[in-house]
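The structure appears right after this line, and notes come after that.
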Amino acid sequence: MSAKVKESNPDQQTVLVCCGTGCTANGGRKVYEAFVEKIKDHPEWKVQPILKSTGCNGWCEKGPLVRIMPRDITYCSVAPKDVDEIIDKTLSEGLLIKRLLYRDPVTKEYLSSHHQTDFYRKQHKVALRNIGEIDPAQIEDYIAREGYQALALALDNMSGQEVIDTVKASGLRGRGGGGFPTGLKWQSCKNAPGQPKYIICNGDEGDPGAFMDRSIMEGDPHTVIEGMILGAYAVGASRGFIYVRDEYDLAVYSLGKAIEDARSHGYLGDNILGSGFSFDIEVVRGGGAFVCGEETALIASIEGRTGEPQDKYIFPSEKGLWGQPTVINNVETWANVPVIILHGADAFASIGTAGSKGTKVFSLVGKVVNTGLVEVPMGTTLREIIYEIGGGVLKKRKFKAVQTGGPSGGCIPEELLDLPIDFDSLTQAGSMMGSGGLIVMDDHTCMVEVARYYVNFLAGESCGKCTPCREGIRALLEILTRICNGQGQLEDVEMLEEISITMQEASLCALGRTAPNPVLSTLRYFRDEYLAHIEQHRCPAGVCRNLTTFYIDPEVCTGCGLCAKQCAVEAIQGDKKQPHVIDESRCIRCGECFRNCAFNAVKIG
Amino acid sequence: MQINPQEFDEESHYKSLINSYPGQPQYILAIMQDLQKQYNYLPRLALKMIASHVGVPVSKIYAMASFYKAFSLTPKGRFVFRVCDGTACHIKNSETLLDQLYQHLGIRPGQTTEDGQFSIETVNCLGACALAPVVVVNGKVHGKVKPGDLEGIIRECGGQCHVS
Amino acid sequence: MKVKINGQEMEAREGETILELCLRQDIFIPHLCYHPAFGGQGACRMCLVELKEPGRKNNRLVASCTYPIHSYIEVITESERLQRLRRNIVMLLARRASQNPWMKEMAEQYAAPSMPPVETEPADCILCRLCIHACEKMGKSAIWSMFRGIEKRIATPYDEAADDCMGCAACAQICPTQAIKMEEDDKTRTIWNKSFELVACRRCGKNFATREQIAYMQESSGYEFDELCANCRKVTLAQNISHYNH
């Protein structure tokens with residue numbers, strides 16, 4: 001199902017520089033600018049190389065990435081000073097620069113393309129099919145890779161109902177976390193009486209650790225736009241909105257440019273491709289509120305109100321934006337739609353599990369070797385993602401848990417790593433797939449503190465309207481903070497569970513209903529850690545400062561002095577090559593020395 | 001509500017910014033975003049003007065300004081240190097960075113230094129998790145930040161660090 | 001259309017909420033944020049009831065104050081599950097308003113276990129939001145629910161005297177926990193950090209409105225306002241009518 005690329009001149013080289021947010025932070029833009037400068041100085045080339053800045057490739061750990069086609073060479077961690085060499089050696093003489101290639105940590109082989117790495121080989125890109133291969137600001141790049149062919153096909157050969165039937169048959173379910181069957185949602189909107197109807201793209205990706213939607217909006221905005229036009233055609237909508245999280249500057253810019261380009265090419269606006277169907281999209285920027293990812297809150301936000309959700313006894317597909325029938329879907333959901341329409345429902349449904357068709361994009365982050373974006377068929381196990389694709393736990397530390405589903409999800413321990421990831425399996429284990437964040441945690445992570453962290457996050461993000469969520473989170477936070485400070489009581493555990501049940505049953509929206517999940521899942525799988533905090537006044541992971549002391553084992557310490565150099569309060573003393581000592585009266589228990597010592601000489605007292 | 005006297009000098013500028021949008025509630029967010037970008041906070045007088053422009057009571061305009069974290073009701077510092085507290089950054093010890101910033105600048109998240117030069121905020125995940133922990137200063141992203149790097153970043157902004 | 005409440009069949013009006021039906025039929029469901037003048041908000045969650053749905057093992061919980069009846073449903077308003085839920089909600093509210101006599105009484109009534117009180121200042125406000133709807137209904141919206149999450153509270157902009165506030169005290173009257181502080185003597189009323197001149201009825205001499213309220217009524221009706229309290233207004237009107245009948 002990979003996109004076909006137009007035939008091109010074999011002498012035509014293309015240099016693709018990743019300028020997604022991650023690589024830009026690492027200097028990707030500067031590398032791109034260096035190429036712009038230096039390529040100008042080579043008039044002797046028969047065919048000038050084409051230079052493109054692309055969106056996030058997903059392999060953020062190895063960025064800034066520079067790729068050279070058609071030979072499919074990938075250079076990692078490129079700096080501006082490498083650009084001259086790349087131009088002279090690779091572009092002009094066709095030689096590979098070994099030190100810039102990825103070296104497999106196991107086989108020690110140098111790989112010339114990222115496609116050969118474990119990280120990429122085991123992925124199956126559908127939603128991410130174009131990212132890293134195109135310049136999102138050039139609509140021609142998208143068109144060259146089957147762009148807008150699905151739209152042309154639908155407008156020419158299919159009725160709106162046939163489009164819905166295809167989406168239903170594909171088994172596509174919402175990728176934002178809810179997992180609602182997309183075809184059914186569209187059908188409900190089509191059936192609902194009333195005009196105008198609206199299409200909304202939920203780009204308010206708020207789960208900490210998740211950046212799938214950001215990459216799609218930045219790196220392949222046209223797939224979202226085409227998906228939305230197809231959805232509008234299916235249900236009979238005339239206006240669309242893309243609600244983008246305020247913090248995503250580059251996504252806002254990228255989408256805006258793409259919408260303009262789509263308009264000038266006749267894909268948006270009046271009488272699209274001569275079909276008589278009219279539809280246009282505007283971008284609405286969020287105001288910095290996680291709760292606006294909830295659909296009724298998002299709708300309130302577009303309408304110009306605070307993002308307070310309301311009871312959904314009537315769905316937005318019947319009464320949504322301004323009381324009109326509205327389809328609201330996540331970015332990744334929209335990104336899949338053109339592929340389904342162009343290549344058919346069966347092709348899409350041939351991948352995945354019985355209940356969860358297609359692929360899913362995950363953001364694999366935390367204490368894992370290969371951090372980045374990963375797209376795999378539904379049903380892939382956690383173990384495969386973390387170890388085979390992700391390369392295992394960072395610094396070879398011990399795996400402790402993987403947090404899935406963001407603040408609405410839970411922690412999965414080692415014994416459940418062979419669970420296949422789909423909508424249903426993780427829920428039974430007390431978590432959920434959510435939007436796709438996978439945060440790998442090692443033995444230096446305190447699970448009680450993780451629960452506290454998520455509840456603290458929600459304390460500021462809850463809209464505050466309903467009692468169980470607002471007051472429940474307040475109580476959970478106070479209790480968890482006391483436990484982390486060493487003032488926990490055994491009754492606290494019971495109270496955490498009791499309040500959690502009320503929040504799950506009575507909260508007005510999914511934020512409140514799922515807020516207890518991190519607490520309940522850590523209590524389920526890591527109860528002993530809670531008890532250590534409460535009964536022994538000890539934090540086994542060495543994180544909770546009041547419950548930890550550090551000391552340096554003189555038998556192991558080599559006297560390298562790294563800890564002393566990093567110590568923010570100068571609490572470590574020692575001569576070179578002599579065992580160092582921590583002055584407990586100065587030590588603030590930040591744990592930097594503990595986590596960074598290459599010899600594991602710093603220990604928990 | 002009391003209006004800061006200096007804001008009356010800017011009244012015509014607020015007016016042209018606000019009037020560039022139709023007078024409907026759905027544009028409140030966009031108007032506020034423009035004002036925040038221009039003035040680094042939402043001036044009281046401007047909130048009042050938005051209320052009459054869109055026909056919504058000023059209490060609801062204030063409610064929006066206080067609900068959405070993109071906006072500040074008080075002026076922020078010239079340099080805003082946004083320390084990401086997303087999960088990946090959190091487990092790579094963004095808290096230590098906050099402590100170190102307190103050592104250097106004497107302020108905590110949500111506060112601004114007396115001279116109006118620096119503010120600190122914790123922000124939700126910026127989506128650059130591979131570079132955790134991340135600190136953004138006025139749009140410039142710093143990745144894999146160690147506590148020892150902070151002094152250099154502050155000096156780059158022309159700032160003075162306290163001697164701890 | 002027909003619905004079943006606690007095993008009993010009864011007639012419901014199309015589109016009315018479960019709570020409205022039950023209150024009409026003298027079936028009590030506890031509620032803190034519903035008021036007949038504004039309808040339900042779904043904020044306090046005390047009014048949750050169980051919906052029996054075919055094919056579902058566990059009954060679905062819905063807020064009776066916002067759930068509209070459009071077809072046959074089977075509702076349960078009392079059960080152990082609901083008791084536990086109501087008890088815990090009261091427990092959480094009583095924790096927040098730990099010094100409030102009305103809340104204390106409610107906590108006793110629902111046998112809510114006591115929890116350590118909140119670490120912040122105890123408030124009397126339980127965030128039922130009836131006050132902001134009363135103010136909105138009066139046409140002013142001088143107060144609204146501000147901020148978000150655990151910092152949410154009812155306030156005027158900047159916690160200062162609001163230009164829109166006319167001191168009618170509808171908010172203080174509707175508040176179930178008497179959380180809105182008001183000071184009054186025979187000349188002045190002070191509420192929400194603003195002071196108002198009280199106006200006396202020209203017939204009975206009792207203070208019945210603020211100067212600002214009268215100005216607002218004049219402005220919105222377009223008529224000159226006769227300074228009479230509600231009672232004296234009725235009496236005067238009756239007298240005028242009987243006068244014309246002669």
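The sequence lines fix the lettering, A, B, ..., with proteins before strands; numbering per chain opens at 1.
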Under 3.5 Å, side chain of B/S59 to main-chain N/O of C/S141, donor-acceptor pair present?
yes
Hey, does the side chain of C/E160 reach the backbone of B/Q2 with a donor-acceptor pair shorter than 3.5 angstrom?
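Looks like yes, one N/O pair under 3.5 Å.
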In terms of heavy-atom proximity below 4.5 Å to chain B, should C/E151 be classed as side chain, backbone, both, or neither?
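When you check distances to chain B, no heavy atom of C/E151 falls under 4.5 Å.
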Using non-hydrogen atoms only, which part of C/D164 is less than 4.5 Å away from chain B: side chain, backbone, both, or neither?
side chain
Counting C-beta onward and ignoring hydrogens, is there a side-chain heavy-atom pair between B/Y62 and C/Y158 closer than 4.5 Å?
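Of all side-chain heavy-atom pairs linking C/Y158 with B/Y62, at least one is under 4.5 Å.
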Can you say whether B/K69 sits under 4.5 Å from chain C via the side chain, the backbone, both, or neither, judging by heavy atoms?
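Contact with chain C involves both backbone and side-chain atoms of B/K69.
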Less than 4.5 Å to any heavy atom of chain C: does that hold for the side chain of B/L47, its backbone, both, or neither?
side chain
Quick one: which of C/K194, C/K140, C/K152, C/E136 has the most heavy-atom pairs under 4.5 Å with chain B, could you say?
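When all of C/K194, C/K140, C/K152, C/E136 are compared, C/E136 has the most.
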Nearest-0.5 Å distance that lies between atom CE in C/M146 and atom CE in B/M64
12.5 Å
To the closest 0.5 Å, what do you measure between CE (B/M1) and CG (C/D159)?
12.5 Å
Within a 6.0 Å radius of atom [atom1] on [X], are there more than 12 heavy atoms belonging to other residues, nucleotides or ligands?
X      : atom1 : answer
C/E14  : CD    : yes
C/H70  : NE2   : yes
C/E197 : CD    : yes
B/Q24  : CD    : yes

